Number of protein chains: 2
Amino acid sequence: MSKATINDVARIAGVSIKTVSRVVNRESGVRDATREKVEKAIAELNYWPNQSARDLAASRAHLICLVYDDPSAYQLPSSGYVIRLQEGVLRVCRSHGYELLIHPCNYRDKQVGEELRVLIQRARPAGVVLAAPLSNFPRIVKAIAATGTPFVRLSPGQKLSGQRVVATNDREFAAEMTRYLASLGHKHIAFITGHPKHKAVSHRFDGYRDGLEQSGLPFSEQLVVAGDNSFGSGEAAAMKLLKRKRRPSAIFAANDDMAVAVIRVAGRLGINVPGQLSVAGCDDITLAEQIHPALTTIRQPFSTMAEKATLMLVKGTTESELPEGTTVVPGKLRIRESTGPAP
Amino acid sequence: MSKATINDVARIAGVSIKTVSRVVNRESGVRDATREKVEKAIAELNYWPNQSARDLAASRAHLICLVYDDPSAYQLPSSGYVIRLQEGVLRVCRSHGYELLIHPCNYRDKQVGEELRVLIQRARPAGVVLAAPLSNFPRIVKAIAATGTPFVRLSPGQKLSGQRVVATNDREFAAEMTRYLASLGHKHIAFITGHPKHKAVSHRFDGYRDGLEQSGLPFSEQLVVAGDNSFGSGEAAAMKLLKRKRRPSAIFAANDDMAVAVIRVAGRLGINVPGQLSVAGCDDITLAEQIHPALTTIRQPFSTMAEKATLMLVKGTTESELPEGTTVVPGKLRIRESTGPAP
DNA sequence: AAACTTTTTGACAGCGTTGTCAACAATTCG
DNA sequence: CGAATTGTTGACAACGCTGTCAAAAAGTTT
């Protein structure tokens with residue numbers, strides 16, 4: 001285990017510790033010859049700066065904090081979401097010398113604001129990435145904003161001015177999916193809405209309407225059923241839609257959990273997917289590819305979004321200059337087996 | 001945002017900073033009256049110690065590092081595993097004032113030893129939790145051991161002396177599952193083995209043999225097919241077993257991915273599960289509960305294992321006194337729909 | 001009450017780095 | 001060539017805390 005300090009390097013290289021510090025931090029104003037001497041000494045001693053010391057001296061930690069809704073708190077099968085977020089943040093952390101501190105929390109807990117305040121005060125991260133649906137709660141956003149630590153919100157429903165946001169184009173891709181279904185010849189495309197608190201998901205409903213209009217299809221209240229993002233609500237909605245005398249030939253659900261539920265219900269009712277019914281979802285959860293028929297959906301760029309957000313928080317990137325505003329990362333249509341020509 | 005330092009607290013409380021430090025660190029030898037004064041001042045100023053400073057002064061970081069195989073590197077559907085590990089470590093971190101630093105890595109990468117050395121040198125964590133299957137690779141274990149940082153291995157195949165290990169009772173629970181299947185009247189219980197490099201999984205084969213013996217059933221090479229933990233290998237193994245003239249009435253797979261594959265293949269072949277074939281797995285992945293019929297399996301105590309391991313690394317616990325040895329956390333049989341009486 | 005022991009407290013020196021600012025060296029200009 | 005300018009380097013004081021060790025206070029014993 002290396003115990004070399006900056007002093008050792010300075011001694012070996014025959015320069016002052018400050019010069020070593022400059023080289024390590026890639027500051028300008030060091031003569032090439034000097035830089036080389038120092039780099040040689042660093043390599044020789046296998047020196048690596050002590051993070052605690054630099055953080056103390058610079059009064060900032062080389063840490064990015066990712067805050068998300070704890071999936072284990074509700075047995076959600078959405079761990080894929082968390083993993084993808086972590087991936088994105090990690091990519092940037094790795095390349096910029098930051099570490100990732102993860103903090104799942106439960107938004108139902110009244111203490112969560114306080115909890116985050118304490119977290120930030122303790123860890124003093126360089127920035128916080130706040131994932132949806134947490135990014136929708138004013139209580140939580142305010143708590144973080146109050147600490148003065150830079151933060152970026154992921155897919156919040158409403159954009160507050162003066163804050164940085166990375167979002168996806170929910171409305172546009174929902175329209176795209178709707179147009180795709182229409183292009184298959186479907187005339188009766190039903191929609192299962194998401195949880196009203198989850199704003200990004202509700203934008204998809206607007207997109208659905210856009211898509212209908214763009215395809216010259218009429219909108220009908222009859223074809224819309226409310227869901228709340230859960231598998232159970234998807235089942236209930238599917239029952240409602242599929243037991244009708246004149247059932248829709250396609251069902252577009254605001255998220256994959258509900259879409260999977262629709263496929264399950266269709267199976268129980270003996271309705272063939274995609275032969276008699278096309279089903280589409282949103283998110284591209286892991287399960288989407290594993291079920292049969294594999295679900296047509298929209299891959300959310302979670303990992304890329306997290307990456308962009310982290311770049312905004314990391315020192316020395318062009319992204320970190322952005323004072324505020326929204327960056328949009330587009331979702332991607334994934335056509336699989338659950339959709340087909342209208343019967 | 002609080003900017004109070006230990007000096008402020010000391011001034012307000014009318015004591016020295018060292019006494020404040022003692023109170024904050026719960027050291028003994030502080031009079032109750034003094035402690036109260038200090039606590040009052042701390043509350044009043046909303047003081048929280050600066051982690052970088054205490055880590056620097058104490059030359060140890062309040063950080064636990066969780067190192068695991070990067071599921072995204074192979075599109076494994078095993079993100080549930082990672083999430084559960086994180087949960088366990090986080091529980092202990094939260095309660096003991098540590099933070100969790102996650103480090104997924106790819107064991108196929110030759111550089112991984114070096115990568116971990118750098119990570120540890122940079123972050124200087126209080127300890128490292130090394131998850132399976134990484135915990136099986138001597139190259140990786142050695143790299144971590146060389147840094148001198150305390151670490152605990154999770155479910156390694158072989159136990160090295162002088163190291164701390166938290167494992168589950170793979171052999172015992174595999175025997176239990178086998179006995180359970182036997183108790184349902186199955187006489188021909190097939191087994192699909194796991195990846196030979198994944199030692200913990202191979203112990204399950206021994207357990208299978210134990211279980212047969214304990215149930216008075218003969219062991220037959222005919223009933224054993226090799227798999228490698230992947231869904232694909234499970235499909236291949238299932239085909240081999242189910243196309244036989246005299247096919248087994250139960251198939252026990254060394255992991256859930258393969259068990260799910262068996263169910264899928266049975267479905268394609270028109271074999272009813274559990275009516276004509278019972279299928280059991282190991283691990284209790286998220287998917288196990290989501291498929292139909294829901295998979296009978298053994299829930300691995302990943303979260304509890306990670307918790308125990310972390311406790312060994314955290315200062316001030318009885319667990320951290322353990323110099324070496326293995327702690328066993330038992331798995332739990334989850335009987336669902338994929339197993340039933342022998343036809 | 002003196003002498004000792006034990007408990008509680010504080011002074012002070014680091015921990016390994018960065019920021020500030022002044023000093024020095026090299027380069028350019030009149 | 002000296003002066004002015006620009007580029008490079010180093011001395012030193014933080015940063016906020018913990019460890020060491022000695023001093024002070026409190027408790028015990030004779």
Side-chain angles (χ1 to χ4, degrees), chain A residues 1-39 41-42 45-63 97-99 121-124 126 315-316, chain B residues 1-39 41-42 45-63 97-99 121-124 126 315-316:
Chain A
M1 184 83 192
S2 155
K3 287 179 185 175
T5 73
I6 200 170
N7 280 290
D8 302 325
V9 178
R11 193 160 15 80
I12 300 290
V15 298
S16 74
I17 58 168
K18 183 60 206 183
T19 299
V20 177
S21 173
R22 289 197 177 93
V23 172
V24 168
N25 291 290
R26 295 180 163 63
E27 285 173 32
S28 61
V30 178
R31 201 171 301 153
D32 284 351
T34 312
R35 180 184 305 280
E36 277 162 27
K37 269 194 305 184
V38 172
E39 278 168 351
I42 287 177
L45 291 171
N46 190 20
Y47 163 80
W48 204 276
N50 178 313
Q51 210 54 252
S52 302
R54 27 186 2 191
D55 290 348
L56 173 59
S59 58
R60 56 102 177 75
H62 263 107
L63 221 49
Y98 283 66
E99 298 299 341
Q121 282 188 193
R122 293 193 52 176
R124 303 185 195 221
K315 219 175 154 185
Chain B
M1 185 84 192
S2 154
K3 289 179 185 179
T5 73
I6 199 168
N7 281 291
D8 303 325
V9 177
R11 192 160 15 79
I12 300 290
V15 299
S16 73
I17 58 168
K18 182 61 205 182
T19 298
V20 176
S21 171
R22 288 195 178 95
V23 172
V24 168
N25 291 290
R26 293 182 165 63
E27 286 174 31
S28 61
V30 178
R31 203 172 301 154
D32 284 352
T34 312
R35 180 184 308 279
E36 276 161 28
K37 267 195 306 186
V38 173
E39 279 168 352
I42 287 176
L45 292 173
N46 191 20
Y47 163 79
W48 204 277
N50 177 314
Q51 209 55 251
S52 303
R54 48 197 328 206
D55 290 348
L56 173 60
S59 58
R60 56 106 177 72
H62 262 107
L63 221 50
Y98 283 66
E99 299 299 343
Q121 281 187 194
R122 293 192 53 176
R124 303 186 195 220
K315 217 174 153 187

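Just so we're clear, the structure is a prediction, and the values are computed from it rather than from any experiment. Letters A, B, ... mirror the listed sequences (proteins, then strands); counts begin at 1.
- Nearest-nucleotide positions on DNA chain C for B/V15 and B/A58 put B/V15 closer to the 5' end.
- Whole-Å rounding puts the A/R31 CZ to C/dA26 P distance at 6 Å.
- Atom CG of B/D32 and atom P of C/dT8 are 9 Å apart (whole Å).
- Residue B/T34 is classed as a sugar-phosphate contact, given heavy-atom separations below 4.0 Å to backbone atoms only.
- For the pair B/K18 and A/V30, nearest-nucleotide mapping onto DNA chain D gives the more 5' position to A/V30.
- Between the CD1 atom of A/I6 and the C1' atom of C/dG19 there is a distance of 13 Å, rounded to whole Å.
- One finds the OG1 atom of A/T5 at 9.0 Å from the CG atom of A/L45 (value rounded to the nearest 0.5 Å).
- Among the nucleotides D/dT9, C/dA11, D/dG16, the one closest to the side chain of B/N50 is D/dG16.
- Between the axis at the start and the axis at the end of the helix from C/dA1-D/dT30 to C/dG30-D/dC1 there is an angle of 40°, using five pairs per end and rounding to 10 degrees.
- Among the protein residues, B/V24 comes within range of no part of the nucleic acid, since none of its heavy atoms lies under 4.0 Å from any strand.
- When rounded to the nearest whole Å, the span between CD of A/E27 and P of D/dT8 equals 13 Å.
- In this structure, A/T34 OG1 and A/R22 CZ are separated by 10.5 Å, a value rounded to the nearest 0.5 Å.
- D/dA11 atom C1' lies 18 Å from atom CZ of A/R11, rounded to whole Å.
- In this structure, B/R31 CZ and B/E36 CD are separated by 12.0 Å, a value rounded to the nearest 0.5 Å.
- The interatomic distance linking A/D55 (CG) with D/dC17 (C1') rounds to 14 Å, in whole Å.
- B/R35 has its CZ atom 13 Å from the C1' atom of C/dT9, to the nearest Å.
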Side chain to side chain contact (heavy atoms under 4.5 Å, CB included) for A/V15 and A/V20? Distances and angles first, verdict last.
CA-CA 7 Å; A/V15 298; A/V20 177; 3.9 Å; yes
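- Side-chain atoms of B/R22 come within donor-acceptor range of the base of C/dG10, with a qualifying N/O pair under 3.5 Å.
- Of the candidate nucleotides D/dG10, D/dT18, D/dT20, D/dT18 has the atom nearest to the side chain of B/I17.
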Could you check A/R54 against A/V24 for side chain to side chain contact (heavy atoms under 4.5 Å, CB included), going step by step and ending with a plain yes or no?
CA-CA 11 Å; A/R54 27 186 2 191; A/V24 168; 3.8 Å; yes
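- Of the candidates D/dC17, D/dG19, C/dG10, the closest approach to any side-chain atom of B/S16 belongs to C/dG10.
- For the pair B/L56 CG and D/dA14 P, the interatomic distance rounds to 17 Å; values are reported in whole Å.
- At least one side-chain nitrogen or oxygen of A/T19 sits closer than 4.0 Å to the OP1 or OP2 atom of D/dG10.
- In this structure, B/N7 and A/G14 both approach DNA chain D, and ranking their closest nucleotides by distance from the 5' end singles out A/G14.
- One finds the CG atom of B/D55 at 9.0 Å from the CG atom of A/D55 (value rounded to the nearest 0.5 Å).
- Note that CZ of A/R11 and CD1 of A/I6 are 12.5 Å apart. Values are rounded to the nearest 0.5 Å.
- In this structure, the separation between CD on B/E39 and OH on B/Y47 is 13.0 Å, given to the nearest 0.5 Å.
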